Amino acid sequence: MHTRIAEFLLSVGAVKLQPRDPFTWTSGIQSPIYCDNRMLYGHPEARSFVVEQLASRVKSLHIPADVIAGTATAAIGWGALVADRLDLPFVYVRSKPKEHGAKKRIEGDMKQGQHVVLIEDLLSTGGSAVSSVEVLRTESNATVSDVVAIFTYEFLAARESAMEAKVTLHPLTTISTLLEAAQQQDRISHEEAQMVLDFVRDPQTWGTR
């Protein structure tokens with residue numbers, strides 16, 4: 001997996017590692033790691049490299065994409081940048097329907113029956129990605145077989161969700177790669193890296209141990 005992207009995530013502060021002073025996620029989970037890939041937008045070199053790698057991964061897939069979709073709100077920017085780089089149409093998928101108008105979840109000019117590649121910024125449980133895939137399939141009769149993401153926590157739940165939805169996840173970099181880079185830069189110790197890996201194996205109960 002891509003070490004340079006992991007290094008960018010660390011250097012711009014998009015990923016923060018605090019095994020001894022955990023973060024509390026919105027879900028209530030205690031976590032030694034916090035990731036905000038939107039920080040990359042403010043760093044042109046990192047942003048350009050990430051877009052290049054996302055676009056390259058999309059081009060390497062077995063079925064050419066007709067449309068690029070992004071998940072709202074975090075991956076709208078990434079999806080639009082990738083679509084622009086590949087000269088393809090772009091849509092985004094809302095997390096819930098609009099309360100007025102057509103009450104649809106797909107925003108943009110989406111034709112029926114196209115092949116769509118979904119761009120996601122971050123894979124945790126895989127819930128938002130799989131939900132977006134299902135919406136694209138039901139609202140637009142789209143073929144969606146691949147999700148390309150910047151970073152994954154490598155949770156078992158994400159792999160299981162993807163298998164159930166019959167979709168393949170393509171993260172550019174992983175928590176394992178990031179921890180190796182962080183140790184090489186002396187950002188965390190080997191012991192702290194093991195604490196983060198323990199979290200990845202069992203995120204639900206890690207904070208109570």
Side-chain angles (χ1 to χ4, degrees), residues 1-17 23 25-27 29 31 33-61 65 67-86 88 90-96 105-108 116-136 144 146-155 157-159 161-162 165 167-179 181-182 200 203:
M1 286 293 172
H2 222 295
T3 303
R4 190 164 175 211
I5 289 177
E7 289 169 349
F8 275 134
L9 290 170
L10 290 164
S11 67
V12 307
V15 169
K16 293 181 172 60
L17 296 163
F23 303 93
W25 287 358
T26 314
S27 59
I29 286 177
S31 169
I33 178 170
Y34 182 75
C35 182
D36 179 7
N37 288 335
R38 283 168 284 214
M39 296 288 286
L40 292 163
Y41 289 134
H43 300 266
E45 183 191 359
R47 182 184 68 218
S48 182
F49 187 76
V50 168
V51 172
E52 185 183 303
Q53 295 305 310
L54 288 168
S56 176
R57 188 64 59 92
V58 171
K59 283 198 290 190
S60 74
L61 299 172
V67 178
I68 299 298
T71 55
T73 58
I76 292 176
W78 297 114
L81 287 163
V82 169
D84 189 64
R85 183 72 60 98
L86 296 174
L88 287 170
F90 172 71
V91 299
Y92 70 86
V93 185
R94 290 174 165 272
S95 56
K96 56 186 180 187
R105 281 182 60 188
I106 299 171
E107 294 289 3
V116 181
V117 175
L118 181 69
I119 304 295
E120 179 66 285
D121 77 320
L122 171 69
L123 294 166
S124 55
T125 62
S128 72
V130 167
S131 171
S132 296
V133 166
E134 300 294 3
V135 168
L136 289 160
V144 193
D146 300 279
V147 176
V148 179
I150 298 172
F151 179 72
T152 178
Y153 288 121
E154 297 182 279
F155 290 158
R159 293 198 295 276
S161 296
V167 70
T168 305
L169 305 177
H170 304 270
L172 297 182
T173 196
T174 67
I175 186 70
S176 303
T177 303
L178 185 121
L179 289 172
V200 169

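Because the structure is predicted, anything quoted here is derived from the model rather than measured. Each residue takes its place number in the sequence, starting with 1. Atom set for the values below is all heavy atoms of this structure, side chains included, hydrogens, waters and symmetry mates excluded.
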Problem - Parallel, tilted or perpendicular: ring planes of Phe155 versus Tyr153, cut at 30 and 60 degrees - result: parallel
Problem - Single hit among Leu118, Val148, Leu123 for side-chain contact (heavy atoms from CB on, under 4.5 Å) with Leu169 - result: Leu123
Exercise for the section: Output the distance between atom CG (Leu122) and atom CG (Asn37), rounded to the nearest 0.5 Å. Expected result: 6.0 Å
Handout entry: Heavy-atom closest contact (Arg57 atom, Ser60 atom, distance)
Key = O-OG, 2.8 Å
Practice task
Apply the test side chain to side chain contact (heavy atoms under 4.5 Å, CB included) to residues Ser56 and Arg85: give CA-CA distance (whole Å), side-chain angles for both, the deciding distance (0.1 Å), then the verdict.
Solution key: CA-CA 10 Å; Ser56 176; Arg85 183 72 60 98; over 6 Å; no
Exercise for the section: Look only at the side chain of Ser11 and the backbone of Glu7, and say whether a donor-acceptor pair between them is shorter than 3.5 Å. Expected result: yes
Problem - Glu45/Arg4 salt bridge by N-O under 4.0 Å criterion - result: yes
Exercise for the section: Step by step, work out the side chain to side chain contact (heavy atoms under 4.5 Å, CB included) result for Val93 and Val133. Expected result: CA-CA 9 Å; Val93 185; Val133 166; over 6 Å; no
Exercise for the section: Locate the shortest heavy-atom distance separating Ala55 from Val82; write the atom from each residue and the value. Expected result: CA-CG1, 4.1 Å
Problem - Flag, side chain of Arg47 to backbone of Tyr41, donor-acceptor distance under 3.5 Å - result: yes
Handout entry: Closest contact, heavy atoms only, Val130 versus Ala165
Key = CG1-CB, 3.8 Å
Problem - Partner set under salt bridge (Lys or Arg N to Asp or Glu O under 4.0 Å) for Glu154, not counting sequence neighbours - result: none
Exercise for the section: Could you grab the distance from atom NZ of Lys16 to atom CG of Leu9, nearest 0.5 Å is fine? Expected result: 11.0 Å
Practice task
For side chain to side chain contact (heavy atoms under 4.5 Å, CB included), just list the numbers for Ile106 and Leu136, CA-CA rounded to whole Å, side-chain angles, deciding distance to a tenth of an Å, and then say yes or no.
Solution key: CA-CA 7 Å; Ile106 299 171; Leu136 289 160; 3.8 Å; yes
Exercise for the section: Examine distances only and state if a side-chain atom of Tyr34 and a backbone atom of Trp25 form a donor-acceptor pair shorter than 3.5 Å. Expected result: no
Exercise for the section: Assess whether side chain to side chain contact (heavy atoms under 4.5 Å, CB included) is satisfied between Thr168 and Val147, documenting all intermediate values. Expected result: CA-CA 6 Å; Thr168 305; Val147 176; over 6 Å; no
Handout entry: Interatomic spacing from CD in Glu107 to CZ in Phe90 - rounded to 0.5 Å
Key = 10.5 Å
Fill in the blank from the handout: Taking every heavy atom of Ile5 against every heavy atom of Ile150, the minimum-distance pair comes out as CG2-CG2, 4.2 Å
Practice task
Mind checking the CG-SG spacing from Asp121 to Cys35? Nearest 0.5 Å is all I need.
Solution key: 7.0 Å
Exercise for the section: Would you please indicate if the ring centroids of His2 and Phe49 are separated by under 6.0 Å? Expected result: yes
Practice task
Using distance alone, with no hydrogens and no angle criterion, decide if Ser128 and Ser131 have a side-chain donor and acceptor under 3.5 Å apart.
Solution key: no
Handout entry: Nearest atoms (heavy-atom pairs only) where Val167 meets Asp146
Key = CG2-N, 3.6 Å
Fill in the blank from the handout: Shortest non-hydrogen pair, Thr71 vs Ser132, comes out as CG2-OG, 3.3 Å
Completion exercise
Sorted by chain and residue number, the salt bridge (Lys or Arg N to Asp or Glu O under 4.0 Å) partners of Arg38 (sequence neighbours excluded) come out as Asp36
Completion exercise
The reported gap from CD in Glu120 to OG1 in Thr152 (rounded to nearest 0.5 angstrom) is 10.0 Å
